Every structure is written in structure tokens, then in C-alpha cells.
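Structure, as C-alpha cells:
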Amino acid sequence: MSRESYIHAVSPGSPGGALLFVFHGTGGDERQLIELGKELVPGATIVSPRGDVSEFGAARFFRRTAEGVYDMDDLARAVYKMKGFARSHIAQAQPSKVLGLGYSNGANVFAATLFASPDVFDAVALLHPLIPFEPEVKGSLAGRKVLITAGRQDPICPPQMTSRLDAHLRALGADVILEWHEGGHELRQNEIEAAKSFFVNVLKET
């Protein structure tokens, strides 16, 4: 896989600084999270791919057969492709830290990529992920830093599924922060502030 595997946007940052991958939600595109990425990690180089699957015209990173029911073969395809895409950009940038931010469908493919290759990213923020399957982790998540944000009234990502993912990651040794708001699937300011604080603390570490 190459750096051109996905249609994508790049926002250049400080040479040798942090590299931040941002993955959009269903119906988004490669521009959706660029400005948020700049706000959260000033000075980072930002790489934002566009999902390569169309669901009734809405871009996604992998197929599903119904709401919350994933095509697991296509998810495996997406993870394999995303690993190669990420590694090629990392090799080219030689960054000080490799960070990830995904929202909704983007958070789901980020989580699945983390399970498959825990060594690729130093820290990942998963905004409203839904993982309706038992993760098979290939490697160690010990000390891997993960932020999960969620809405207690989210009709797409039920709170009990968020709590299950949180517990599973912690059991595997990940360093997890869980941030809730009282709404649904929308992004709210408290989770944006939580992501900003999360990345600031990660970048402070040597």
C-alpha cells in the first residue's frame, strides 16, 4: 500500500513534529476534520483520507449490512489497506509522535486498525465508536493511550457498548480515558476539550 491508496488531504505542519491522522464519519470527506485537527494539535502534520466505500452516496471506510451490523470481511480489507496507508505516511514524515482521531465510522476503523497493529499509533482518540464484536488484538495494548468519547443518549452507539469497549481495552492494558456527554451522536465541546487535553499530555511525554 502507498501514500496514495486513498484520496486524501494533507495539512503540512512542523517538520519532524507530530503526525495526526483524522478519519471522518459516514457521509464526511477528507476535509471534514482538518480544522478540528489543527485546533487539537497545533503544528501537527494532518493526514485525512476519504473513505473508499459508498453507502447510498455517503463515504465510509468499510461496508455494513445494517445499522450496527458490519461486513467483517470488508472491515478486514479496510484495516489492511489503512495500515499500509498509515505506515507509508509515517515512513515519509518521520514524526516525533503518531496520533489518531476518528469520529463515528472513522473511529470504528481506527479502533479496528489499533487492534490489528497496536504499534502504529502512539495515541488514538475515538469519538463515538461502535465496536459490536469481540476485538482480536494482534500484539500488546499495554500502555497504549486511548481516549473514548460518547453520548449517554446516543442512538447509534449505545452507552453499554461504549462501556464494554472501555472495559475491554483496560483489561488488555491500554491507558484509557472515557469522556461522556448527556446528548446523542453529535460532538460537543466537552469532548473536544477532552481530546485537546489528551493530545497535549501525550505530546509532553518523551
Side-chain angles (χ1 to χ4, degrees), residues 1-55 57-64 74-75 77-117 120-130 145-149 156-157 185-189 191-196 198-200 202-203:
M1 296 294 173
S2 75
R3 289 186 293 128
E4 304 305 318
S5 297
Y6 288 90
I7 296 171
H8 66 282
V10 176
S11 175
S14 303
L19 178 62
L20 173 65
F21 291 89
V22 295
F23 296 173
H24 64 78
T26 298
D29 61 22
E30 68 275 20
R31 306 305 307 180
Q32 184 183 46
L33 297 178
I34 291 281
E35 292 305 315
L36 178 60
K38 290 179 181 179
E39 177 185 349
L40 298 180
V41 191
T45 293
I46 300 172
V47 176
S48 179
R50 183 196 301 176
D52 59 351
V53 168
S54 176
E55 183 179 86
R60 286 176 52 85
F61 289 100
F62 60 89
R63 301 184 189 282
R64 58 184 172 180
D74 197 58
L75 176 58
R77 174 206 61 83
V79 166
Y80 178 79
K81 183 176 179 178
M82 191 60 76
K83 286 192 299 181
F85 175 79
R87 289 188 190 278
S88 64
H89 278 275
I90 293 165
Q92 194 270 338
Q94 295 293 302
S96 57
K97 292 280 187 181
V98 182
L99 311 175
L101 173 78
Y103 168 64
S104 193
N105 180 242
N108 300 337
V109 79
F110 238 130
T113 304
L114 179 66
F115 303 149
S117 294
V120 174
F121 304 101
D122 294 304
V124 175
L126 306 175
L127 312 182
H128 300 261
L130 173 62
K145 299 190 179 300
V146 180
L147 170 69
I148 301 171
T149 72
I156 296 173
C157 302
H185 201 59
E186 75 281 0
L187 294 181
R188 290 195 177 185
Q189 190 61 36
E191 57 191 306
I192 293 172
E193 293 301 324
K196 185 181 299 185
F198 173 71
F199 287 129
V200 165
V202 168
L203 292 175

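The analysis underlying the following values was restricted to heavy atoms, covering all of them including side chains, and did not include hydrogens, waters or symmetry mates. Quick caveat: nothing in here was measured; it's all calculated off a predicted structure.
- With hydrogens and angles ignored, the 3.5 Å screen pairs a side-chain donor or acceptor of S88 with a backbone N or O of G84.
- Closest heavy-atom contact between L127 and A107: O-CB, 3.6 Å.
- For the atom pair L33 CG and I46 CD1, the distance stands at 9.5 Å (nearest 0.5 Å).
- Counting only heavy atoms from C-beta outward, the side chains of I192 and E39 approach each other to under 4.5 Å.
- In this structure, CG in L75 is found 10.5 Å from CE in M82, a value given to the nearest 0.5 Å.
- E55 is not listed as a side-chain neighbour of N105, based on a closest heavy-atom distance of 4.5 Å or more.
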Solution key, residues 20-28 side-chain donor-acceptor pairs under 3.5 Å, sequence neighbours excluded:
| unit_1 | atom_1 | unit_2 | atom_2 | d |
| --- | --- | --- | --- | --- |
| H24 | NE2 | G51 | N | 2.9 |
| T26 | OG1 | R60 | NH1 | 2.8 |

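- Atom CZ of residue F121 and atom CG of residue L101 lie 11.5 Å apart, to the nearest 0.5 angstrom.
- Here the side chains of R77 and D52 are in contact, with some heavy-atom distance below 4.5 Å.
- Taking the ring axis of Y6 as reference, the NZ or CZ atom of K81 stays within 45° of it and closer than 6.0 Å to the ring centre.
- Among all heavy-atom pairs drawn from F62 and V53, the shortest one is CA-CG2, 4.0 Å.
- Annotation: side chain of F115 is not in contact with side chain of V79 (no heavy-atom distance under 4.5 Å).
- Of all the heavy atoms in S54 and R63, the pair that sits closest is O-NH1, 4.3 Å.
- Two residues are said to be in side-chain contact when any heavy atoms from C-beta on lie closer than 4.5 Å; F199 and L147 fail this criterion.
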Legend entry - side chain to side chain contact (heavy atoms under 4.5 Å, CB included) assessment of V120 paired with T113: CA-CA 9 Å; V120 174; T113 304; 5.6 Å; no

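- Counting all heavy atoms, side chain and backbone alike, H185 lies closest to S104 at NE2-OG, 2.8 Å.
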Inset, instruction - Decide yes or no on salt bridge (charged side-chain N to carboxylate O under 4.0 Å, His left out) for R188 and E191, but give the supporting numbers first. - result: CA-CA 6 Å; R188 290 195 177 185; E191 57 191 306; over 6 Å; no

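- The backbone N or O of L130 sits less than 3.5 Å from a side-chain atom of N108, completing a donor-acceptor pair.
- At least one side-chain heavy atom of V41 sits less than 4.5 Å from a side-chain heavy atom of L99.
- P12 and T45 get closest at one heavy-atom pair: C-OG1, 3.9 Å.
- Relative orientation of the Y103 and H128 rings is perpendicular, given thresholds of 30° and 60° on the angle between their planes.
- In terms of modelled atom types and a separation under 3.5 Å, the side chain of D29 and the main chain of Q32 share a donor-acceptor contact.
- For the atom pair NZ (K83) and OG (S5), the distance works out to 13.0 Å, reported to the nearest 0.5 Å.
- To the nearest 0.5 Å, atom CZ of residue R31 and atom CD of residue E35 are 7.5 Å apart.
- With a 4.5 Å cut-off on side-chain heavy atoms, F110 and P129 do not count as touching.
- Scanning all heavy atoms of the two residues, the minimum distance from F61 to R50 falls at CE2-C, 4.0 Å.
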